**Student:** 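Okay, handing you the structure first.
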Amino acid sequence: MRFKNDHDYRGWISIYSPLEIFVRRVSSYSLIGTLSYSLTKIVCGIPACYSYKILGVDVMSPHFKASVSFLILAWLGYGSGGPRMPILYNMFGENHMVAQYGIRELKPGYEEIRDIFINNLVLGVEDGAQFTAYVNGEVVVDIFGSVASSSSLKQPNTPKSSDHYLDYDGNSLQCIYSSSKVVTSIAMGMMVDRGLISYDTKVIDVWPEFEAYGKEHLTVRDVMKHEAGIPEPPPRKISLVDLTSEGIKRDKVGEVYANEKSIKDEKQPRIYHGVTRGFLVNEILRRVDPENRTLGEFIEEEIADPLELNSDIFLGTPDSVQPRTYTNYLPRLSWIIAQWWMPIAWFLPSRWGMPPLFSAIAFHNILEWKEYSMFKDIKGVGLNELVNMEKTRCTEMPSINMFSNAYALATIANAVVGKTGHMLFKNNGRAEMEANPTLQNMGGFPLVPIPCHFTDGGLSLYNQENKVMKIPLLDDCYGWQGYTGSYMIYHKSGDFAFSYVPTMFGDMRNKRSFPLVRKVVQCAKKLHGINWPSLDS
């Protein structure tokens with residue numbers, strides 16, 4: 001354990017009482033009873049919403065318990081039990097849900113973060129999640145939690161791919177999707193810091209074969225800022241074995257991308273390289289690294305080892321840690337659509353960050369319905385299934401299949417600013433990585449304008465000026481986010497770093513962690529007198 005035993009705490013919360021289960025099951029046996037659920041939702045949902053807003057969110061308070069009583073009535077239909085419990089299971093299932101949480105660090109004065117985190121579990125916003133925050137170079141919060149069926153209390157060895165998350169904890173690993181881009185940016189930034197390359201370097205200067213098809217003008221900066229014009233992976237040209245560290249060194253991936261054409265348009269130079277940026281960065285980095293290491297090897301030896309995170313972050317997850325990995329969970333489409341009809345959704349901030357129906361279509365199209373056709377030897381699978389297959393976890397897909405946890409990501413973010421402990425940057429590399437943030441809409445998302453300030457090193461600058469991409473109460477934050485709702489962020493001052501890593505997809509704008517971040521910032525100001533630039537704006 002990283003923390004002293006007297007800091008460890010684990011608790012259980014029963015979300016549904018036996019009486020509530022009885023009422024639900026008796027009512028469900030008749031059509032009238034089923035129809036009455038809809039009426040109950042409407043009648044009880046509105047006072048539930050108001051009681052929740054007015055009385056607060058302290059899950060331990062009698063006020064919250066009173067509001068939950070209303071909510072339970074309102075959620076007996078479609079919304080009952082959260083995304084893992086569809087309506088038929090709720091009607092005829094014999095089990096109720098329990099939420100488990102664990103605290104590995106909670107400094108005095110930050111207790112409200114625990115209550116907000118627990119609320120997310122109780123209200124069905126999360127399935128499994130971790131949150132770690134550093135203030136002034138030390139961990140002030142490190143908490144985890146998950147939701148499980150009561151029947152799994154008797155089945156502690158249930159497979160990780162099931163609905164049961166009883167043994168989920170702060171050491172558990174899950175795919176962090178595009179939050180991994182922060183780690184790859186840091187790795188490239190360390191190369192710049194060591195004088196091995198610069199962001200002005202033309203890619204062909206270190207990778208001559210890349211010149212083909214009009215790519216001779218592209219720089220490392222273009223690749224990092226998603227402006228290389230190679231946003232989509234070529235179909236059916238790569239095998240899984242090509243993405244092992246050995247396969248990458250045989251230049252199988254390099255050959256494919258050296259022969260790709262850039263479609264960069266100067267009118268819209270930025271197109272999000274959701275998958276391809278990681279492959280390009282891997283090819284560049286291993287060519288300038290004196291030891292010719294792949295990204296996965298570099299991260300292990302130069303980032304994880306010095307920070308004592310050997311068992312907490314992997315690009316190319318070995319078989320030995322597969323038992324600690326958890327499958328990212330995509331809620332059922334029917335459940336997502338049903339949330340639109342929940343009265344509570346009309347009064348509380350949407351857990352989806354935008355209309356639930358749009359989120360449902362977008363997520364399921366990208367992650368489940370759209371076949372991911374990059375590989376020769378895998379067909380007919382969506383992106384989420386692809387990255388969570390055991391045979392793909394061991395490969396290096398740097399932008400999408402890094403497995404880690406919140407503690408590791410927050411620790412790496414803290415090591416960038418170097419307040420305490422090991423410093424990842426010794427010279428001017430960090431300043432160069434954060435330089436020249438330019439605001440542009442990201443192409444590739446025609447229905448959703450996403451303006452981003454990407455720096456030379458490929459980090460996003462978050463500030464209050466950008467109303468779409470911002471962190472609550474803070475300016476001058478650097479990092480990025482992942483599909484599941486994960487974040488990896490640090491503040492320019494070095495006073496604050498955090499990571500939030502969930503297992504369940506849920507918010508296209510990744511806002512589920514914001515109440516936690518907002519409270520950490522407020523507590524830091526109160527306890528330490530820290531006043532970040534936009535805290536009072």
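This structure is a prediction, so every number in the text was calculated from the model and none was measured. Residues: numbered from 1 along the sequence shown.
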**Student:** Using side-chain heavy atoms (C-beta onward) and a distance below 4.5 Å, is Lys249 in contact with Thr294?
**Tutor:** yes

**Student:** Kindly indicate whether the side chain of Leu383, heavy atoms from C-beta on, has any atom under 4.5 Å from the side chain of Tyr177.
**Tutor:** yes

**Student:** Side chains of Ser146 and Tyr326: is there a donor and an acceptor less than 3.5 Å apart?
**Tutor:** no

**Student:** With side chains defined as the heavy atoms from C-beta onward, is the minimum distance between Met188 and Ile197 less than 4.5 Å?
**Tutor:** yes

**Student:** Does the plane of the ring in Phe498 sit parallel, tilted or perpendicular to the ring in Tyr487? Use 30° and 60° as the thresholds.
**Tutor:** tilted

**Student:** Is the NZ or CZ atom of Arg104 both under 6.0 Å from the centre of the six-membered ring of Tyr407 and within 45° of that ring's axis?
**Tutor:** yes

**Student:** Just to verify, what does Lys261 make a salt bridge (charged side-chain N to carboxylate O under 4.0 Å, His left out) with, not counting sequence neighbours?
**Tutor:** none

**Student:** Can you spot which of Ser404, Ser179, Ser513 makes a side chain to side chain donor-acceptor pair (under 3.5 Å) with Ser486?
**Tutor:** Ser179

**Student:** Under 4.0 Å between a Lys/Arg side-chain N and an Asp/Glu carboxylate O for Lys376 and Asp242?
**Tutor:** no

**Student:** What orientation do Tyr500 and Phe117 show, parallel under 30°, tilted 30 to 60°, or perpendicular over 60°?
**Tutor:** perpendicular

**Student:** Is it true that Asp251 and Arg286 have a side-chain N and a carboxylate O under 4.0 angstrom from each other?
**Tutor:** yes

**Student:** Less than 4.0 Å between a side-chain N and a carboxylate O, is that true for Arg293 and Glu301?
**Tutor:** yes

**Student:** Could you check Asp142 against Thr132 for side-chain hydrogen bond (donor to acceptor under 3.5 Å, both in side chains), going step by step and ending with a plain yes or no?
**Tutor:** CA-CA 4 Å; Asp142 187 21; Thr132 303; 2.7 Å; yes

**Student:** Just by distance, no angles: are the side chains of Arg277 and Ser185 close enough, under 3.5 Å, to form a donor-acceptor pair?
**Tutor:** yes

**Student:** Thinking salt bridges, do Arg250 and Glu246 make one under a 4.0 Å N-O criterion?
**Tutor:** no

